[in-house]
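I have placed the structure first, in the form of structure tokens, so that the comments after it can refer back to it.
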Amino acid sequence: MEQTSQQSNVIGNHVPVRFASVGNKEITGKVDTGATTSSLHATNVRANGNKVSFVCDELSPNVITMDMEGAQTVHTADNGGDQRPMIKLDIEVNGVPIRDAVFNLNDRSNMDSAL
């Protein structure tokens, strides 16, 4: 009987994510299988027309300004919700390139993990 070799990718609770669009920096991302869109920790988020500016110290010491891809209403566990600007970034997860990955921008400072 012939055996076939299959390559499988396993994603754990945390995974290295390289942000090719923003300085090619690599940070550790937290996997959330219940989320419909990825979140990126950002502070000082300012939307202005079709542009959004924000600070993400993990990616750059400077203010980052890019095209805004719309906004997402995110419902929270306390039945609240908020509007979050969305951006597209080219990233690599476990070395696999992903173009135009959508992220909403969210200040995660008060969460267990800012990832």
Side-chain angles (χ1 to χ4, degrees):
M1 175 180 256
E2 182 181 333
Q3 289 185 331
T4 60
S5 172
Q6 285 188 334
Q7 180 182 0
S8 65
N9 291 318
V10 176
I11 296 178
N13 193 32
H14 293 87
V15 64
V17 180
R18 180 169 303 282
F19 287 80
S21 299
V22 188
N24 209 31
K25 296 275 182 120
E26 184 176 289
I27 61 176
T28 300
K30 184 175 181 190
V31 176
D32 180 355
T33 58
T36 57
T37 304
S38 298
S39 290
L40 180 66
H41 172 65
T43 58
N44 301 323
V45 178
R46 305 276 185 259
N48 185 8
N50 65 345
K51 297 282 187 186
V52 63
S53 298
F54 59 96
V55 174
C56 180
D57 292 330
E58 292 83 359
L59 296 178
S60 173
N62 304 314
V63 173
I64 300 167
T65 301
M66 32 189 347
D67 290 338
M68 188 168 69
E69 298 296 325
Q72 178 183 33
T73 301
V74 177
H75 301 284
T76 57
D78 63 359
N79 289 326
D82 59 283
Q83 284 282 108
R84 298 181 188 170
M86 296 187 310
I87 59 172
K88 286 184 179 177
L89 297 169
D90 294 340
I91 63 171
E92 283 184 15
V93 177
N94 284 336
V96 177
I98 301 171
R99 284 191 41 83
D100 295 332
V102 177
F103 289 83
N104 66 52
L105 302 174
N106 181 32
D107 185 345
R108 303 178 62 84
S109 301
N110 295 325
M111 297 186 178
D112 291 342
S113 173
L115 303 172

Could you tell me the separation between the [atom1] atom of [X] and the [atom2] atom of [Y], rounded to the nearest 0.5 Å?
X	Y	atom1	atom2	result
Leu105	Cys56	CG	SG	8.5 Å
Leu40	Asp107	CG	CG	11.0 Å
Arg99	Ser21	CZ	OG	8.0 Å
Ile91	Asn24	CD1	CG	12.0 Å
Gln72	Met86	CD	CE	5.5 Å

For [X], give me all partners under side chain to side chain donor-acceptor pair (under 3.5 Å), at least two apart in sequence or on another chain.
X	value
Gln83	Thr73
Thr43	none
Thr65	Ser53
Glu26	Arg18

If only side-chain N and O atoms count, and only distance matters, is there a donor-acceptor pair under 3.5 Å linking Ser39 with Asn106? no

If you look only at pairs with a residue in residues 35-57, which of them pass as a salt bridge (charged side-chain N to carboxylate O under 4.0 Å, His left out), with sequence neighbours excluded? Lys51-Asp67

For [X], check side-chain contact (heavy atoms from CB on, under 4.5 Å) against everything at least two apart and list the hits.
X	value
Ala47	Met68
Asn44	Val55
Lys25	Leu59

With a 4.5 Å cut-off on side-chain heavy-atom distances among I, L, V, M, F, W and Y, is there a chain of contacts connecting Phe54 to Leu89? yes

With clusters defined by side-chain heavy atoms of hydrophobic residues (ILVMFWY) lying less than 4.5 Å apart, directly or transitively, does Ile87 cluster with Val63?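 In one cluster: no.
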
Tell me, do Glu92 and Val17 make a side-chain contact under 4.5 Å, heavy atoms counted? no

Compare all side-chain heavy atoms of Lys30 with those of Thr28 and state whether any distance is below 4.5 angstrom. no

Restricting to salt bridge (Lys or Arg N to Asp or Glu O under 4.0 Å), what partner residues turn up for Asp100, sequence neighbours left out? none

Looking at Thr37 and Asn104, would you say the former's side chain and the latter's main chain have a donor-acceptor pair under 3.5 Å? no

Per the ring-ring contact (aromatic ring centres under 6.0 Å, His included) rule, what does the pair list look like for residues 82-104, sequence neighbours excluded?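 Every pair satisfying ring-ring contact (aromatic ring centres under 6.0 Å, His included) with a residue in residues 82-104: Phe19-Phe103.
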
